[in-house]
Amino acid sequence: MADIWDLARSLGAKIVFFKPDDNISKDGMYYREISTVCLNDCVSRIRQENVLLHETGHSFYGHTHYKCHSKGWSSKQEKQADKYMIKQRADEWLAGYDWEPEFIDFEAFIKHFELEKHMYDLVVEVFESILGHNQLSNHFM
């Protein structure tokens with residue numbers, strides 16, 4: 001998914017890389033005030049792309065952050081950005097099929113795209129919205 005790099009840049013974002021230290025151990029961060037995405041240079045390209053997709057999701061939904069926003073509001077925006085990222089990854093995953101699959105191995109999807117395990121339910125939700133039917137009875141937990 002090389003075009004995500006171009007998409008982020010076309011939205012006006014500068015992309016810089018950093019080496020993690022004791023103070024910063026995240027995969028990435030976005031600084032809206034200077035339109036800069038900072039990516040951890042020590043994580044895989046897939047994880048870097050996940051950060052770019054997540055931050056692009058914030059842009060797609062027109063999210064803004066104000067100090068007066070509640071934690072609930074911020075959580076809602078983070079979930080939307082995560083769903084955007086997962087949707088892009090799901091589209092990429094499904095492009096490998098010549099037909100609509102009857103079974104989605106969510107754990108394999110999560111492992112392939114190096115997602116956090118806590119995103120499992122969100123992954124299921126995104127695939128159900130794409131495929132238009134419940135996959136829960138078709139997977140192993």
Practice task
Might you confirm whether atom NZ of Lys14 has over 12 heavy atoms from other residues, nucleotides or ligands at distances under 6.0 Å?
Solution key: yes

Practice task
Return yes when atom CZ of Phe18 has more than 12 non-hydrogen atoms of other residues, nucleotides or ligands closer than 6.0 Å, and no otherwise.
Solution key: yes

Fill in the blank from the handout: Rounded to the nearest 0.5 Å, the OG atom of Ser35 sits from the CD atom of Glu55 at a distance of 11.0 Å

Handout entry: Gap between atom CE of Met119 and atom NZ of Lys83 - 0.5 Å precision
Key = 12.5 Å

Practice task
Using the side chain to side chain contact (heavy atoms under 4.5 Å, CB included) rule, take Gln80 and Phe60 through it: C-alpha gap first, then chi angles, then the decisive distance, then the call.
Solution key: CA-CA 10 Å; Gln80 280 185 317; Phe60 177 80; over 6 Å; no

Fill in the blank from the handout: Closest non-hydrogen atoms of Phe103 and Tyr97, given as atom of the first, atom of the second and distance, are O-OH, 4.4 Å

Practice task
Say whether Val43 and Leu115 are linked into one hydrophobic cluster, either directly or through other cluster members, by side-chain heavy-atom distances under 4.5 angstrom.
Solution key: no

Practice task
Would you give the length of the straight line joining atom CG of Asp27 to atom NE2 of His54, rounded to the nearest 0.5 angstrom?
Solution key: 11.0 Å

Fill in the blank from the handout: Interatomic distance, CZ@Arg89 vs CD1@Ile110, rounded to 0.5 Å, equals 13.5 Å

Completion exercise
Rounded to the nearest 0.5 Å, the CD atom of Glu102 sits from the CG atom of Leu131 at a distance of 11.5 Å

Practice task
Determine the minimum heavy-atom distance between Gln48 and Asp41, stating which atoms define it.
Solution key: NE2-CA, 3.9 Å

Exercise for the section: Take Glu114 and Arg45, measure what salt bridge (charged side-chain N to carboxylate O under 4.0 Å, His left out) needs, and give me the verdict at the end. Expected result: CA-CA 10 Å; Glu114 301 176 20; Arg45 184 150 178 106; over 6 Å; no

Exercise for the section: Kindly give the heavy-atom pair with the smallest separation between Leu52 and Trp5, and that separation in Å. Expected result: CD1-CE3, 3.3 Å

Handout entry: Cluster check Val124, Ile104: I/L/V/M/F/W/Y, side chain < 4.5 angstrom
Key = yes

Practice task
Go through the steps to decide whether Glu78 and His58 satisfy the test side chain to side chain contact (heavy atoms under 4.5 Å, CB included), and finish with yes or no.
Solution key: CA-CA 8 Å; Glu78 291 304 313; His58 284 303; 3.2 Å; yes

Practice task
Verify the cluster assignment for Tyr61 and Ile130: are they in a single hydrophobic cluster under the rule of side-chain heavy atoms below 4.5 Å apart?
Solution key: yes

Handout entry: Backbone N/O of Phe113 and side chain of Asn50: donor-acceptor pair under 3.5 Å
Key = yes

Handout entry: Asp3 side, atom CG; Gln88 side, atom CD - distance, nearest 0.5 Å
Key = 9.0 Å

Fill in the blank from the handout: Closest non-hydrogen atoms of Leu122 and Lys79, given as atom of the first, atom of the second and distance, are CD1-CE, 3.6 Å

Exercise for the section: Indicate, with yes or no, if Val16 and Ile34 share a hydrophobic cluster defined by side-chain heavy-atom contacts under 4.5 Å among Ile, Leu, Val, Met, Phe, Trp and Tyr. Expected result: no

Exercise for the section: Work out which heavy atom in Trp93 is nearest to a heavy atom in Asp105; give both atom names and the distance. Expected result: CZ2-O, 4.4 Å

